[in-house]
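This chain uses plain numbering: 1 for the first residue, then up along the sequence. For clarity, every value in this text was computed on a predicted model and none was experimentally measured.
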Amino acid sequence: MHICYIIAMQAEAQPFIDAFNVKEQEGAFAPLPCRLYQAEPKAGKKLSIVTLGRQHERDLVGCEAASVATLAAVEKLHPDLVVNSGTCGAWARKGADIGKVYVADSVMFHDRRVPGDDDWDTQGLGNYPVWEGSMELAEKLALETGKVTTGSSLDLQPCDEVIIEREGGELKDMEGAAVAFVCSLTGVPVMLVKSVTDLCDDSAPTLEAFLKNLHLASERLAEVNRKAVELLLS
Ligand code: SAH
């Protein structure tokens, strides 16, 4: 069994990297910027953690970098399960709280509109399958489940909110559907584990809340992911 995590930012991944004492495989994806950390916690049971790397003096985030990293990881590592883990925005009125960790029960894009063509519109939204074991794992870890919707921006535009509300989105991120899209093409099961850094229905500016809560949310994520890996590799 080989589990491959795709985690956008180094700050999101670091507590998890530290918990498993995984070793960086320098230049594993050269010339791509994504980074690979690996460990073999038990014989024949592998854990890989891939972060998206950096460009323009910032950690890469977003769909393009997530797609590139996921495809590179799937082709190089042949994982049995991909897990996209990271932070997200969510809504207090839907029960979210800072640092709360969720497992995705479904995943789609919220910013890809093709008005006038229903089939392309449907293709744009994606609605990719998540790993069938996701719900059982969430139950074992006593985590709530919710729908992840992905877009290319941190802010929330009214036209995106219309789609999110219509489709029952609960967790807003910038990578989940891109990772799930690549997994749907390559036939690799995908699970998403997300921790809340900011509340979309709060008056605090999103980036401010995100930066303030990034550390806490990443620590919570690492606790959950540590338990998830122990269960999955048991
Ligand atoms: N400038 C910031 C970029 C953070 S982008 C920095 O470099 O520190 C936000 C990241 O957190 C993305 O990877 C995204 O998946 C996630 N995220 C957290 N809150 C989000 C929200 N409200 N909407 C979209 N993505 C969010």
Side-chain angles (χ1 to χ4, degrees), residues 1-30 32-53 59 66 68-88 99-105 107 128-145 148 175-176 179-180 182-195 215-234:
M1 175 72 167
H2 184 169
I3 306 172
C4 178
Y5 273 74
I6 308 285
I7 304 180
M9 296 171 60
Q10 198 69 25
E12 293 171 316
Q14 201 59 50
F16 184 39
I17 287 172
D18 295 343
F20 275 94
N21 196 23
V22 284
K23 298 270 175 292
E24 182 166 6
Q25 311 294 310
E26 302 261 352
F29 293 113
L32 299 177
C34 37
R35 295 186 183 158
L36 174 64
Y37 300 81
Q38 282 191 312
E40 197 164 336
K42 291 178 193 166
K45 315 249 174 174
K46 259 193 174 174
L47 171 66
S48 295
I49 300 174
V50 175
T51 60
L52 305 188
D59 283 10
V68 164
T70 306
L71 186 60
V74 165
E75 288 189 335
K76 186 180 173 71
L77 308 170
H78 307 289
D80 300 297
L81 176 67
V82 164
V83 183
N84 170 230
S85 190
T87 58
C88 66
K100 188 163 168 181
V101 181
Y102 292 83
V103 173
D105 57 20
V107 58
Y128 309 106
V130 295
W131 176 49
E132 56 188 12
S134 297
M135 298 303 97
E136 195 185 325
L137 193 93
E139 208 176 306
K140 282 187 183 156
L141 296 175
L143 299 174
E144 282 187 33
T145 59
V148 171
E175 295 86 15
V179 174
V182 173
C183 289
S184 76
L185 296 183
T186 51
V188 184
V190 64
M191 178 166 75
L192 292 88
V193 182
K194 298 279 162 173
S195 174
H215 182 72
L216 170 82
S218 303
E219 291 284 342
R220 295 269 169 84
L221 212 48
E223 280 168 36
V224 166
N225 283 326
R226 194 177 49 71
K227 290 184 199 154
V229 168
E230 272 161 19
L231 276 173
L232 291 167
L233 293 185
S234 64

A.B. asks: For the pair K140 and E136, find out whether any cationic side-chain nitrogen is under 4.0 Å from an anionic carboxylate oxygen.
C.D. replies: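 Answer for the salt bridge query: yes.
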A.B. asks: Taking side chain as C-beta onward, heavy atoms only, is L36 less than 4.5 Å from L77?
C.D. replies: yes
A.B. asks: Would you compute the distance between atom CD of E223 and atom OG of S195 and round it to the nearest 0.5 angstrom?
C.D. replies: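 Output value for this atom pair is 9.5 Å.
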A.B. asks: Above 12 or not: heavy atoms from other molecules or residues under 6.0 Å from CD of E230?
C.D. replies: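 Counting neighbours around CD of E230, more than 12 heavy atoms of other residues, nucleotides or ligands fall under 6.0 Å, so yes.
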A.B. asks: Hey, are E12 and S218 close enough side-chain-wise for a donor-acceptor pair under 3.5 Å?
C.D. replies: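 There is no such pair between these side chains.
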A.B. asks: Would a 4.5 Å heavy-atom cut-off, applied to side chains only, mark V193 and L137 as touching?
C.D. replies: no
A.B. asks: So, the side chain of Q14 versus the backbone of D18: is there a donor-acceptor pair under 3.5 Å, distance only?
C.D. replies: no
A.B. asks: For M191, which of V103, V179, V130 qualifies under side chain to side chain contact (heavy atoms under 4.5 Å, CB included)?
C.D. replies: V103
A.B. asks: With respect to F16, which candidate in V224, N225, V22 satisfies the side chain to side chain contact (heavy atoms under 4.5 Å, CB included) definition?
C.D. replies: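 Option passing the side chain to side chain contact (heavy atoms under 4.5 Å, CB included) with F16: N225.
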A.B. asks: State the CD-CG distance between E144 and D105, to the nearest 0.5 angstrom.
C.D. replies: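 With rounding to 0.5 Å, CD (E144) is 11.0 Å from CG (D105).
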A.B. asks: How long is the span from the OG1 atom in T51 to the CG atom in D59, to the nearest 0.5 Å?
C.D. replies: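 Rounded to the nearest 0.5 Å, the OG1-CG separation comes to 7.5 Å.
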A.B. asks: Just by distance, do the side chain of Q25 and the backbone of K23 share a donor-acceptor pair under 3.5 Å?
C.D. replies: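 Here the side-chain-to-backbone pair exists.
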A.B. asks: How far does CG of L47 sit from OH of Y5, to the nearest 0.5 angstrom?
C.D. replies: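 Answer for the CG-OH pair, L47 versus Y5, is 7.5 Å.
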A.B. asks: In Å and rounded to the nearest 0.5 Å, what is the CG to NZ distance from L221 to K194?
C.D. replies: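 Reported to 0.5 Å precision, the distance equals 8.5 Å.
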A.B. asks: Is the shortest heavy-atom distance from the side chain of I6 to the side chain of L52 under 4.5 Å?
C.D. replies: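 Answer yes - side chains close enough.
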A.B. asks: Inspect the surroundings of NZ in K100 and state if more than 12 heavy atoms from other residues, nucleotides or ligands are less than 6.0 Å away.
C.D. replies: yes
A.B. asks: Does any non-hydrogen side-chain atom of I3 lie less than 4.5 Å from one of K45?
C.D. replies: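 No, side chains not in contact.
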A.B. asks: Heavy-atom count around H2 NE2 within 6.0 Å, excluding the residue itself: above 12?
C.D. replies: yes
